[in-house]
Number of protein chains: 2
Amino acid sequence: MFRTHTCGELNLEHQNLEVTLAGWVQTIRKFGAITFVDLRDRYGITQLLFGESLQAQLDQQPLGREFVLQAKGTVQERSNKNLHIPTGAIEIIVSSFEILNSSVVPPFTIQDDTDGGDDLRMKYRYLDLRRNAVKKNIELRYAVNRSARTYLHEQGFMDIETPFLIKSTPEGARDFVVPSRMNPGEFYALPQSPQTFKQLLMVSGYDRYYQIVKCFRDEDLRADRQPEFTQIDCEMSFVEQEDILNMFEGLVKRVFADVKGINYAETVQRMSWEDAMWTYGNDKPDIRFGMTITNLKYPQHTFPNRANLATLIQEAGFKVFDDAESVLAIAVPNAAEYSRKQTDELTDWVKRPQIGMQGMAFIKCLPEGFKSSIDKFYSAEKLAAIAEACDAKTGDLILILAGKEERTRKAISELRLEMGKRLGLRKENEFKLLWVLDFPLFEYDSDENRWVARHHPFTSPKPSDIPTMIDNSPKIENADKYLEHPYAQIKANAYDLVLNGNEIGGGSIRIYQRALQEKMFEALGMDQEEQAHKFGFLLGAFEYGAPPHGGIAFGFDRLCAILGGSESIRDFIAFPKNNSGRDVMLDAPASIDEKQFKELHIQLKKES
Amino acid sequence: MFRTHTCGELNLEHQNLEVTLAGWVQTIRKFGAITFVDLRDRYGITQLLFGESLQAQLDQQPLGREFVLQAKGTVQERSNKNLHIPTGAIEIIVSSFEILNSSVVPPFTIQDDTDGGDDLRMKYRYLDLRRNAVKKNIELRYAVNRSARTYLHEQGFMDIETPFLIKSTPEGARDFVVPSRMNPGEFYALPQSPQTFKQLLMVSGYDRYYQIVKCFRDEDLRADRQPEFTQIDCEMSFVEQEDILNMFEGLVKRVFADVKGINYAETVQRMSWEDAMWTYGNDKPDIRFGMTITNLKYPQHTFPNRANLATLIQEAGFKVFDDAESVLAIAVPNAAEYSRKQTDELTDWVKRPQIGMQGMAFIKCLPEGFKSSIDKFYSAEKLAAIAEACDAKTGDLILILAGKEERTRKAISELRLEMGKRLGLRKENEFKLLWVLDFPLFEYDSDENRWVARHHPFTSPKPSDIPTMIDNSPKIENADKYLEHPYAQIKANAYDLVLNGNEIGGGSIRIYQRALQEKMFEALGMDQEEQAHKFGFLLGAFEYGAPPHGGIAFGFDRLCAILGGSESIRDFIAFPKNNSGRDVMLDAPASIDEKQFKELHIQLKKES
């Protein structure tokens, strides 16, 4: 061992102890014949003092930043203590040292506030990983990993490895494929998730399975996606939805306790998908704050069971509202005093292409009465009625968006989050969990005029909806009226776990009967032959006594990022890829040898 | 929850308790108006008793093997107890039941001694996994996983995930590659091991890393290899070989204790590679028994420092021995009474193509004197001298093989293991660890007349051999005399951990200086350009303060197999592939769509 202690553990209790440390030179300060060096390792920083007797050696072997140093010496109390670090009360009086390795000058400073840009830090990721800010993320990731494993082990779950070289069954996302040398012309696929394998394990009787496992999706990468990502993947047999919800909110609560020291004692809220869409405009609401949406007018066909407030705004001669499919409002607390400049800026904000609105109306609920951008069309009484509908109080600012249903809903949802952020309502250290339930089983795909699975093809309908699914043909005769098709009303036995406005996990109770699974595949436009080719093994397995089962998968990267208070999963992955799917440190992907092409029986396609 | 208890936990303490169980029908026995069903789940088997009142329902809904059943009832003491199982003292008097799913008749019986052949069981792996024999293996695998993680966590190791989509750097084994859609004409490779990444993590300061991780090698599959396999991969900084040996024999001892209940208190033996080759004929000796090899004659150039016994057998006029490069013997204890038939059978055994010997000589050390197949050439005195050299006692049978060095050494090594097995000396429940040390750093590749790395290109030479490596050119001027090249004498800072004759782990202290790493690459025939293309990132990293480091990787599949008393790793993998690299359950690999080819910019090579 090159050291007796780490750079993070020595303190006054160790006074006069002879120690050997090894680590990296963080800083060097010379004061006459004395040199101070801060030595850094994974565990902390310890100050070394090189006295006069070592100056000759230091002159001959000058130290530099990031040099790897081994130093022997004695622990001594420091006169000038640094109370911010655990080792700040002591220093090591160095008696001898050895430079274990030297370093050229790093391309950026190894500090929390580095001067290195994103690209440079990715290229030298091994140096970026030395920075305390990144190290903390990697340590947090391991803490989450460890905590989740411990909980799942205690609950009787077994980590069972599923294969990485499987069969390509593109359905939704694109597969990465792997040419087989031994089976010319054939390809493996990398798993998008271990979904079918974990279901087979349930058929095999391993009634509590988990894995923290890499998954792969060959999708165009948005800012915060990676072609390879990690899931905490779980499955249980002989359970109903309620069992799953309890088990896995328990998991997240344990992680909160172990990793963040948070005792999340409160009951995890639950909300139907429709309520979430109605009240928050999206299916992963941030419930750390209210500012819920009021549907002043909305498309009756999407929400047939809601009381329509449209009369409040109709027949006032305001064409924008009259023509709009949806008119949606939020009441921003204590913002009635916003200046013209501020409301203009908000209007510009909703007009940005990412939001895509044409404009924004507002009503200021001032002590002296209402002041609004739509005074021309609405009397004070009408404004008061709108304000009442929005549950706005004196001092609030009502913001109103109008337009096509989906876009407007998304926009008001974004606006709500933005206002929450501006008002400091999305507190970094507050964590609010929410189960979103009762999703529609199907979504309508207008390109192909057919149903697609909202979750995935293995999700079961609510038991009460099974007859609707079995007894009706999935065929959509009239594309315009797809919402009237019985399948549009089928609810899924599915659930998402939302944390602070992010989906961190999602799952479902699965189909476990062959006939129902075949009906599902049929609904998704898969004929018998395709079913047999892609999922014959699963349909087969369902014939041999498949138990009722269900599960969930957590986005491990995202969970870590949220717990670490970051928006970017990349900061929580040791060696991430960039937005073109490249590892710029390795310079991968790259060309391969002619010999490899030959062995794999493939060649590059000539562009024609 | 579909159950209140599992099928493995109820006993007399639960008498009169109302319970609900769910599981699979293992057996059905009818006695008049009473039906007994053994219900099985992951945890055990519980007997259900269906009384007369349920017979009508049973007639209407007949049960069958592997049906999934939910049964409510009361725990009752059994008159006819089965003391072999924990639940054998009770049965459930069923009050109501529901068939959760039916099953067609399985293609083989779900029992320890199944009637299913290998192929059938692989195709229906989900049924094979139900068998107790397979389930025990999967459970053992998880226990090893859990034990290793716990130990490594306690020792300060962090599980850090390394990427799966990396760069192809074929060196030794073939890479699996993955065409990149976003980077046309370029390919990722799947990692053969996280070797370079774990070294980068050391450069980054994460001084104790581990991962239980899938690795991939596209090699022709021998009986017991898989294209994807799992490693326990570990690396440490600021350590020397001694630190690694202590840390990781500790890991295996912990696994022994946790998984097998074995307190492995004794010191783990150590042996140099040369001693292993000399004494056991191979580099992973099974030291559960002696029967060591005596080198009656051996090639002086391979073992220059050994006392040659050749005079014992030379000049006796026996051409086979006189012409042989090596003459090697073992003394089989208490086998002198072997009949002619038995020695003939052994001779046939060594003449099998897998062993490849021309014949076998033997000397029986009988109380009345020596009796041998080479009496014609050797006097009693000479036979006595040979027997003494072999440390043979009265009652022993000396077996002698002669021929070309490498083949003969392998053959005697195999013969030793075979005799150990026949004599019951390789006890399944005895576990003997051994470190093999001081490997040669290089092996000679006669095809290319150059050196190849015996371990891998990142293994460091013994510190005392570094000058030899730096100061000499790796070029081999005279292929016939490659053993005289200074590089042939360089020893590696490497170690293998051997368990009962199987290599379960191997590793090394790594090179951490750029210049030495470049020299290593050069020795392996890599020019500067190739070095930069393949390993530029690593050479770069070594310039920024790389610490001394080393590590080890355990073959997780094999470790589990040995602990489970099996020779086959396949039995310890949930979803293994066959010898053609196929998953016969999925029918993978398979063809892919034209659309996929197009998106990936590749096509199949037309056979010309």
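Computed from a predicted model, the values in this text were never measured in an experiment. Every chain is numbered from 1, with letters handed out A, B, ... down the list of sequences.
Interface remark: Arg208(A) contributes backbone and side-chain atoms alike to the contact with chain B (heavy atom separation under 4.5 Å). Proximity to chain A is absent for every atom of Phe67(B), based on heavy atoms less than 4.5 angstrom apart. The part of Glu599(B) that comes within reach of chain A is its side chain, from C-beta onward, which places non-hydrogen atoms under 4.5 angstrom from that chain. Both the backbone and the side chain of Pro547(B) come within contact range of chain A, judged by heavy atoms closer than 4.5 Å. When heavy atoms are compared at a cutoff of 4.5 Å, Thr150(B) approaches chain A by way of both its backbone and its side chain. In this structure, chain A has heavy atoms under 4.5 Å from both the backbone and the side chain of Tyr512(B). The contact between Ser102(B) and chain A is made entirely by backbone atoms, counting heavy-atom distances below 4.5 Å. Only the backbone of Glu219(B) comes within less than 4.5 Å of a heavy atom in chain A; its side chain stays farther off. If you measure heavy-atom distances from Ile160(B) to chain A, the contacts under 4.5 Å come from the side chain alone. Heavy-atom distances place no part of Leu69(A) under 4.5 Å from chain B, backbone and side chain included. For a residue to count as touching a neighbouring chain, one of its non-hydrogen atoms must lie under 4.5 Å from one of that chain's; by this rule Ile573(A) does not touch chain B. For chain A, the nearby part of Met182(B) is the side chain; its heavy atoms alone come within less than 4.5 Å. For Tyr43(A), the part lying near chain B is the side chain, with the backbone staying farther off; criterion is any non-hydrogen pair under 4.5 Å. Heavy-atom distances place both the backbone and the side chain of Lys135(A) under 4.5 Å from chain B. Both the backbone and the side chain of Pro179(A) come within contact range of chain B, each with at least one heavy atom under 4.5 Å from a heavy atom of that chain.
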How far apart are the C-alpha atoms of Phe197(A) and Leu586(B), what are their side-chain angles, what is the distance that settles it, and do they pass the side-chain contact (heavy atoms from CB on, under 4.5 Å) test? CA-CA 10 Å; Phe197(A) 291 98; Leu586(B) 297 182; 3.6 Å; yes
Under the ring-ring contact (aromatic ring centres under 6.0 Å, His included) rule, what do Phe575(A) and Phe164(B) come out as? Steps first, then yes or no, please. CA-CA 10 Å; Phe575(A) 299 100; Phe164(B) 278 72; over 10 Å; no
Where do Met585(A) and Leu200(B) land on the side-chain contact (heavy atoms from CB on, under 4.5 Å) test, with the steps shown first? CA-CA 11 Å; Met585(A) 179 188 72; Leu200(B) 290 180; 3.4 Å; yes
Check the pair Ser168(B) / Gln596(A) against side-chain hydrogen bond (donor to acceptor under 3.5 Å, both in side chains), numbers first and verdict last. CA-CA 10 Å; Ser168(B) 185; Gln596(A) 289 175 290; 2.9 Å; yes
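Listed by chain and residue number, Arg181(A) satisfy the side chain to side chain donor-acceptor pair (under 3.5 Å) test with Asp218(B) (two or more places apart in sequence, or in another chain). For Asp593(B), there are no salt bridge (charged side-chain N to carboxylate O under 4.0 Å, His left out) partners two or more places apart in sequence or in a different chain.
Neither side chain, Glu186(A) nor Ser591(B), offers a donor N or O lying under 3.5 Å from an acceptor on the other. A donor atom on one side chain and an acceptor atom on the other are found under 3.5 Å apart for Glu161(A) and Thr230(B).
Rounding to the nearest 0.5 angstrom, the gap separating the NE2 atom in His601(A) from the CG atom in Leu604(B) is 9.5 Å. Considering NZ of Lys605(A) and CD of Gln603(B), their distance stands at 5.5 Å, rounded to 0.5 Å.
A salt bridge links Asp207(B) and Arg3(A); the closest N-O separation between the charged side-chain nitrogens and carboxylate oxygens is under 4.0 Å.
Between Phe597(A) and Phe187(B), the ring center distance clears the sub-6.0 Å criterion. Two rings, from Tyr142(A) and Phe157(B), have their centers 6.0 Å or more apart.
A tilted orientation is assigned to the rings of Tyr544(B) and Tyr126(A), their planes being inclined by 30° to 60°.
Most heavy-atom pairs under 4.5 Å with chain A: of the set Arg174(B), Glu240(B), Arg514(B), Gln513(B), this distinction falls to Arg174(B). Between chain A and the residues Tyr188(B), Phe542(B), Phe537(B), the largest count of heavy-atom pairs under 4.5 Å involves Tyr188(B). The choice from Gly185(B), Ala574(B), Ser180(B) that makes the most heavy-atom pairs within less than 4.5 Å of chain A is Gly185(B).
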